[in-house]
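Here the structure comes first, spelled out in C-alpha cells, and everything after it is commentary.
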Protein chains: 2
Amino acid sequence: MQSLQQKASEWSGVDQEDAFSIDEVNLFEKLGLQTFINLSTDFYTRVYDDEEEWFRSIFADSKKEDAIQNQYEFFVQRMGGPPLYSQRKGHPALIGRHRPFPVTHKAAERWLHHMQQALDNTTDIDHDSKTRMLNFFRHTAYFLVAGNDLKSQSQGAPPCKNGTNKPAAE
Amino acid sequence: MQSLQQKASEWSGVDQEDAFSIDEVNLFEKLGLQTFINLSTDFYTRVYDDEEEWFRSIFADSKKEDAIQNQYEFFVQRMGGPPLYSQRKGHPALIGRHRPFPVTHKAAERWLHHMQQALDNTTDIDHDSKTRMLNFFRHTAYFLVAGNDLKSQSQGAPPCKNGTNKPAAE
C-alpha cells in the first residue's frame, strides 16, 4: 500500500526533497512575520470571496480572522520561526484537523490556485522562496487529499448495524 | 465542543504551556542525537517485550527498528534538531498516522509507563529536560486519545448499509 507521502508526491508531482526544501533556508528569518501575515490575509480574502460557492462554503463555519491566524502561525512555526501555533493550539496534526473538511483533488487545486495568486500578490517574497513555498504547499495539499481518503476506508469506522465494517458503497 | 487540545489538557492534567515548554530550550542541542536514539531504543525494547499482550500486539505489524527510527527522528525534529522525520516521511501528522491504532486512555497510560522508565534509564537526561519531555509526552499521548475518539464519530465514516451513519453501538 502506498504511504501518505508517496501518494502526495505522485498526485502533486512534487517529490519529497523538493517539498521540504523549505528546511534548507530559514524562510521566517528571510521574509519576516509581516510577510506571512500579509500572505495569509491575501489568501483568505480570495477564499472568502471565491465565486465558486462549493469551495467558499468549505470555510463557512470559520471566522476569516481565525483562519488567517491559524494559517500564518502554522507557516511561521514550520518555516523556521517561533512555535506560535503550538503555543496556542498544540500539535498541527494536519490530517486530524482537516478531518471535518472535504479535501478532494478538486479542492486542493482550488486552494493552490488562490495560494499561487496570493504569493504573486504579496510583495517581498523573492523568486527562490516562492518556489520552495509553492512546492511545499502543493505537496502538502495532496498529502491532505491522501489523508482525506483515509476517512472512506472502513478501518476505524464504527461497525455498521449489519455487523460488518463494509460500507454500503463497496 | 471541546477542542483536541482542551481534551488533551483535561485528560492529561498538563496544561498547554507546560506541554510545550520543550520549546523554551533547545533539547536537541542540550542532549544530542545519541541520547534520543538511546531513549527510543530503550523505550521500544520495553514495548516489544511488554508482558501485557494487549499492548504489545498494537505494535505487532511494525518492525522494532522502524518504530525506533520513526520515534527518535520525530523527537529530534520537534525538539530543536534537523528535520530528519520530514525529510524521510513528510509531515508528522500525528493523529492521521496513529489512525490504525487503538489509542485508548489505557494504551496512553501504558505508553507513558514505559516512557517514564525509559527516561529514568537513559543517562545524560537532566532533571529539567526530563520534566519538560514528560509533560510533552503526557499531553501528546492524550491529544492522540482525543484524536482517536474522532474515529468513532459518524462524521466522515462511510454510510452503513442501513442507509444511516449510526453505528450499531448507539
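Sequence lines set the chain letters: A, B, ... in the order given, protein chains first and strands last, and positions in each chain run from 1. Any value given below was found using the heavy atoms of this structure, including those in side chains, with hydrogens, waters and symmetry copies removed.
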ask   = R78(B) versus chain A, heavy atoms under 4.5 Å apart: side chain, backbone, both or neither?
value = side chain

inquiry  = Checking an interface table here. Which of residues 6-28 of chain A come within a heavy-atom distance under 4.5 Å of chain B?
reply    = Q16(A), F20(A), D23(A)

query = Without hydrogens or angle criteria, can the side chains of K64(B) and T41(B) be said to hold a donor-acceptor pair below 3.5 Å?
reply = no

request  = Would you mind checking which part of L4(A) comes under 4.5 Å of any heavy atom in chain B, side chain (CB onward), backbone (N, CA, C, O), both or neither?
outcome  = side chain

query = So, K30(A) and D128(A), do they make that salt bridge, N to O below 4.0 Å?
reply = yes

inquiry  = Test side-chain contact (heavy atoms from CB on, under 4.5 Å) on E109(B) and Y142(B); report intermediate values, then the result.
reply    = CA-CA 9 Å; E109(B) 283 302 329; Y142(B) 280 96; 2.5 Å; yes

ask   = Considering the options F55(B), Y44(B), F137(B), which one meets the ring-ring contact (aromatic ring centres under 6.0 Å, His included) requirement together with W111(B)?
value = F137(B)

inquiry  = Would you say that Q117(B) contacts N121(B) through its side chain, given a criterion of any heavy-atom pair below 4.5 Å between the two side chains?
reply    = no

query = What about F75(B) and F43(B), are their ring centers closer than 6.0 Å?
reply = no

ask   = If you tally heavy-atom pairs under 4.5 Å against chain B, which of H139(A), Q5(A), H91(A) wins?
value = H91(A)

ask   = Which bit of T140(B) comes within less than 4.5 Å of chain A, counting heavy atoms only: side chain, backbone, both or neither?
value = both

task = Would you check, one step at a time, whether the test side-chain contact (heavy atoms from CB on, under 4.5 Å) holds for Y48(B) with S62(B)?
result = CA-CA 10 Å; Y48(B) 279 76; S62(B) 309; 3.7 Å; yes

query = Is any side-chain N of the basic residue among K130(A) and D120(A) closer than 4.0 Å to the acidic one's carboxylate O?
reply = yes

Heavy-atom contact with chain B under 4.5 Å, split by part of F101(A) = neither

ask   = Looking at K89(B), R88(B), Q87(B), R97(B), which makes the most heavy-atom pairs under 4.5 Å with chain A?
value = K89(B)

ask   = Per the side-chain hydrogen bond (donor to acceptor under 3.5 Å, both in side chains) rule, which among H113(B), R110(B), R56(B) passes with D50(B)?
value = R110(B)

